[in-house]
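Residue numbers run from 1 in the order of the sequence given.
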Amino acid sequence: MADAADLRGNTSARARRWLRHTAAWLAAVPVLAGGTQLPAAPTAHAAPAEHTARTTQAVSAAPSESKVTRSRSVDVAITSMTPTAPKKGDTVTVDGTVTNGTKTAISGAHVGLRTGSPLNGRNAIDSAARSASYSPATDGAEIGGKYTKKIGKLAAGASRDFSLSIPVDKLNLGQDGVYPLGVSLSGQTQNRPWPQVLGIQRTFLPWQTSPADKKSQLTFLWPLISSTHMTPRTENDEDRTPIFRDDSLVKELSPGGRLQQMVTLGKSLPVTWVIDPDLIATVESMTKGYEVQGPKGADDDTTPGRGEAVAKQWLNDLQKAVENHQVVALPFADPDLASVAHRGKNYGALRHLQDATELASSTLQTVLEVKPRTDFAWPVDGAVDSSVVDVATSAGAHNVIARSDSFRETGGLSYTPTAARQIGGGNTAVVADARLSTAFTGDMSTPENSTLAIQRFLAQSQMINLQDPDKQRSIVVAPQRMPTASQAQAMAAALKGLPGQWSEPLDLGRAAKAKPDPNATQRVPGAGAYPRALRKQELPVEAFEGIQKTQATLDRFERILTAKNRVAPPFGNAIRRDMSTSWRGEAQKAAGFRHGVASYLQGLTKKVRLVPKSNMTLSGRSATIPVTVQNNLLQGVELRLVLTSQQENRMEISEPQVVTVEGGHSQSVKFGTTANANGPVWVTAQLQTPDGQPYGKARTFQVNVTEITSTVILVIAGGVLLLVLAGIRIYLQRKRSAAGDEDETDTEPGAEDADGTDDAESAAKSGSEETEECDAFHALVPEQPSDPASDTGSQSADPSGSGEKVEH
């Protein structure tokens with residue numbers, strides 16, 4: 001009873017000490033297991049007895065293994081693994097580097113391989129990739145003996161390369177599946193003088209002993225897309241030499257460059273090419289010679305481009321690479337479909353999408369001599385909602401490339417379904433797999449990152465097949481739009497390493513026609529499902545307002561041109577480039593580009609104008625008003641010129657005239673006027689397009705009408721009366737003279753009349769009197785100086801009148 005009482009009352013000191021020691025011992029088990037579990041040669045790394053005793057005494061002070069490895073103080077990097085998907089009889093080789101990031105040296109260090117149990121799903125692969133700590137349960141035991149690499153002492157901050165080779169039958173692989181493959185650095189430090197795993201790097205080893213009965217059909221998109229490089233400007237020459245924003249495309253096309261690598265690698269891969277025709281048109285322009293604008297963008301500040309040769313080589317290589325491959329053409333300049341759907345529909349943006357789709361096909365057929373498919377739309381990151389799908393399909397695309405992190409499964413499927421989904425209206429959503437599509441979005445410039453990405457890609461692709469081996473499915477991979485050179489190399493390595501054990505290639509067209517899984521989600525996400533992060537990157541409403549204004553200006557400008565093809569294509573393409581997906585994350589540059597397009601177009605429109613006109617004075621009832629149209633373009637224009645009197649009761653002006661002006665010339669046009677009263681009259685001159693739309697700035701000037709007074713009218717009336725009276729008098733005199741001849745038939749010639757004058761005298765006197773009367777009239781109404789001969793070099797609506805024109 002006493003013992004019992006002591007036990008109940010004394011669970012205190014001894015019990016607490018026992019619990020502490022037990023807990024410390026349990027915490028040390030993984031450490032000891034990690035350092036001493038070696039199936040082959042188990043005594044090779046056994047600790048001496050005294051060391052064991054010291055370890056037992058100090059084990060309570062040792063931190064847990066998880067804390068040691070999570071600190072990542074010792075880094076293990078896997079830089080290559082071959083083969084990426086081994087088969088029976090292969091030898092797996094893993095190369096890498098270990099780095100001691102601690103402040104103390106590591107002694108007795110060695111590198112070894114570990115394989116855990118096969119993973120049970122795609123989520124398990126993700127979890128294993130995220131985990132940085134060593135776990136005996138998942139990482140398994142080290143494969144020791146000759147398959148380890150001794151490092152010995154590793155000083156603080158030191159690095160050491162390693163290479164491990166092991167036959168695949170020594171990796172303890174069993175059934176088909178994805179196995180975690182760990183490379184660990186074991187050793188001890190002065191502060192922790194016991195064998196332990198100090199660092200580990202985990203990757204994946206896909207293992208399949210025989211081909212699957214129903215292989216997954218894998219479609220991999222290979223995108224050829226770039227940012228905007230061309231301006232709407234061209235040189236003032238017959239060839240219309242294009243002017244580029246910069247010459248950065250040369251680097252991408254040159255050997256080792258991003259686009260050169262995409263072509264070189266893609267030609268031997270089972271991929272579907274997805275091409276922005278704007279890139280092809282841009283490179284094709286480089287082959288004919290081009291200029292590069294200076295930093296300030298001035299018209300006269302350009303330098304010759306230096307990429308003509310590499311552009312020709314790249315286009316030639318691409319033409320060969322796409323042979324026997326399916327080619328999908330995106331709308332010209334790869335317009336941002338989500339931006340149009342969410343912010344641009346009310347500003348005429350849909351019109352540009354339709355034009356861009358039509359231009360896409362003709363561009364690739366002309367340059368690459370290949371007929372592409374234009375019935376696919378690819379929104380940014382495959383993110384869709386109902387409005388994005390509506391916009392995409394309205395431009396003629398019946399297939400929308402979405403992504404599974406946007407087009408989510410809601411039916412609780414235990415497997416990854418086929419990509420194709422029927423979404424109504426005869427349209428198909430091709431849902432790319434998000435995990436595979438984003439596998440190479442990180443920094444692939446280091447061997448470590450690219451190796452891990454490749455192995456993870458292969459593991460995920462195999463796991464899709466293992467989810468339901470009896471159900472064949474079509475899987476689509478839609479990677480980032482503009483992969484870097486290193487990303488392209490990693491993607492190519494993954495596709496080349498992808499064995500035919502569980503997958504086979506399929507082009508995008510056939511993937512879209514695959515029979516949809518009846519249990520897969522068919523409903524397009526609503527507007528609220530569109531990712532906020534992507535929405536923040538969209539083009540603002542102000543961008544589409546500006547695009548609409550620029551298009552309206554271009555429409556008016558085109559109407560007056562006699563050679564529209566010199567202006568319409570470059571500016572039409574520039575407006576489409578305003579909407580490019582490549583501006584995402586580049587808001588300031590996008591705004592600058594739009595402003596440049598609008599400003600340059602406005603500058604061209606102002607080269608056709610009315611020459612400013614000063615005030616005028618018109619003398620007389622009728623006269624002409626000349627107006628001059630100046631054309632500083634390199635091509636001819638045709639417009640209507642309208643002259644409007646703001647006081648028609650005082651002065652009327654003839655009808656509008658059609659004006660044709662050759663490039664680099666001016667044309668003076670005369671308008672007839674009829675004045676009804678004195679005084680100043682304001683007149684407005686306005687150019688119009690042939691269909692009557694105002695063009696350019698109107699010019700207003702004042703016309704002062706004089707000489708139309710009551711006194712002048714009375715003088716003119718008096719003169720007319722004098723003429724009539726003179727005529728009557730002459731008539732009566734001639735009548736009397738004729739009567740006198742009849743009465744005096746016997747009178748000899750030269751005889752005097754009754755009034756004492758002969759006939760000659762009488763006629764002379766009559767003529768003299770008529771002349772005097774006419775002179776009197778002209779003295780009252782002098783000849784007007786505004787009646788010069790008409791200017792045959794000008795256009796005139798009416799013959800020049802008898803009034804006067806004085807231009808100041």
Under 4.0 Å between a side-chain nitrogen and a carboxylate oxygen: does that hold for [X] and [Y]?
X    : Y    : result
D334 : R481 : yes
D433 : R122 : yes
D507 : R510 : yes

Q | Worked check of side-chain contact (heavy atoms from CB on, under 4.5 Å) between L508 and Q326 | A | CA-CA 8 Å; L508 184 59; Q326 186 174 84; 3.7 Å; yes
Report the distance from atom [atom1] of [X] to atom [atom2] of [Y], rounding to the nearest 0.5 Å.
X    : Y    : atom1 : atom2 : answer
D317 : M262 : CG    : CE    : 14.5 Å
F204 : T115 : CZ    : OG1   : 13.5 Å
T148 : L164 : OG1   : CG    : 8.0 Å
L221 : S437 : CG    : OG    : 7.5 Å
D405 : D381 : CG    : CG    : 7.5 Å
L185 : R160 : CG    : CZ    : 10.0 Å

Taking all heavy atoms of [X] and all of [Y], pick out the closest pair and write down the distance.
X    : Y    : value
K496 : S268 : CE-OG, 4.1 Å
Q501 : Q208 : NE2-O, 3.2 Å
S184 : E142 : OG-OE2, 3.8 Å
Y134 : G140 : OH-O, 4.1 Å
G497 : A85  : O-CB, 4.2 Å
F162 : K149 : CB-CG, 4.0 Å

(Q) Apply side chain to side chain donor-acceptor pair (under 3.5 Å) to residues T416 and Q467 and explain how you reach the verdict. (A) CA-CA 8 Å; T416 302; Q467 287 173 334; 3.2 Å; yes
Q) Going through the checks in order, is the salt bridge (charged side-chain N to carboxylate O under 4.0 Å, His left out) test met by K214 and E504? A) CA-CA 10 Å; K214 293 186 177 181; E504 59 187 15; over 6 Å; no
Can you check whether [X] reaches [Y] side chain to side chain, under 4.5 Å on heavy atoms?
X    : Y    : answer
R258 : P483 : yes
Q175 : P118 : yes
T219 : V477 : no
W207 : V168 : yes
V111 : V98  : yes
I454 : M81  : no
L181 : R202 : no
V76  : I200 : no

Q | side chain to side chain donor-acceptor pair (under 3.5 Å) assessment of Q487 paired with D443 | A | CA-CA 8 Å; Q487 289 172 344; D443 177 14; over 6 Å; no
Q. Could you walk me through whether Q460 and D126 pass the side-chain contact (heavy atoms from CB on, under 4.5 Å) check?
A. CA-CA 9 Å; Q460 288 285 0; D126 295 337; 3.1 Å; yes
Q) Hey, is CZ on R535 packed in by over 12 heavy atoms from elsewhere, all under 6.0 Å? A)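 More than 12 within 6.0 Å, yes.
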Q: Count the heavy atoms belonging to other residues, nucleotides or ligands that lie under 6.0 Å from NZ of K215, then report whether that count exceeds 12.
A: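 Counting other residues, nucleotides and ligands, NZ of K215 exceeds 12 neighbours.
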Looking just at side-chain N and O atoms, do [X] and [Y] make a donor-acceptor pair shorter than 3.5 Å?
X    : Y    : answer
Q260 : E252 : no
S159 : T99  : yes
D176 : T209 : yes
T79  : D95  : no
T93  : S165 : yes
D517 : Y415 : yes

(Q) Could you check, using the six-membered ring where one of them is a Trp, whether F440 and F457 have ring centers closer than 6.0 angstrom? (A)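 Yes.
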Q: Measure the acute angle between the ring planes of W273 and W222, then classify it against the limits of 30° and 60° as parallel, tilted or perpendicular.
A: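 Ring orientation of W273 relative to W222: perpendicular.
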**Q.** Test log, rule side chain to side chain donor-acceptor pair (under 3.5 Å), inputs W502 and S216
**A.** CA-CA 6 Å; W502 62 78; S216 300; over 6 Å; no
Q. Is there a donor-acceptor pair under 3.5 Å between the side chain of D90 and the backbone N or O of K87?
A.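 Such a contact is found between D90 side chain and K87 backbone.
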**Q.** Sole candidate of L506, L495, L498 that passes side chain to side chain contact (heavy atoms under 4.5 Å, CB included) when paired with F220
**A.**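 Filter result, single survivor: L495.
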(Q) By the definition side chain to side chain contact (heavy atoms under 4.5 Å, CB included), identify the one residue from L253, I225, T264 that meets it with L259. (A)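 Among L253, I225, T264, the one that satisfies the side chain to side chain contact (heavy atoms under 4.5 Å, CB included) with L259 is L253.
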Q: Applying side-chain contact (heavy atoms from CB on, under 4.5 Å), run through D470 and D468 and close with a yes or a no.
A: CA-CA 6 Å; D470 297 328; D468 195 338; 4.0 Å; yes
Q: Kindly determine whether Q489 and Q261 satisfy side chain to side chain donor-acceptor pair (under 3.5 Å), including the steps that lead there.
A: CA-CA 8 Å; Q489 292 163 359; Q261 285 291 291; 2.9 Å; yes
Q | Trace of the side-chain contact (heavy atoms from CB on, under 4.5 Å) decision for L205 with L173 | A | CA-CA 10 Å; L205 191 150; L173 305 178; 3.8 Å; yes
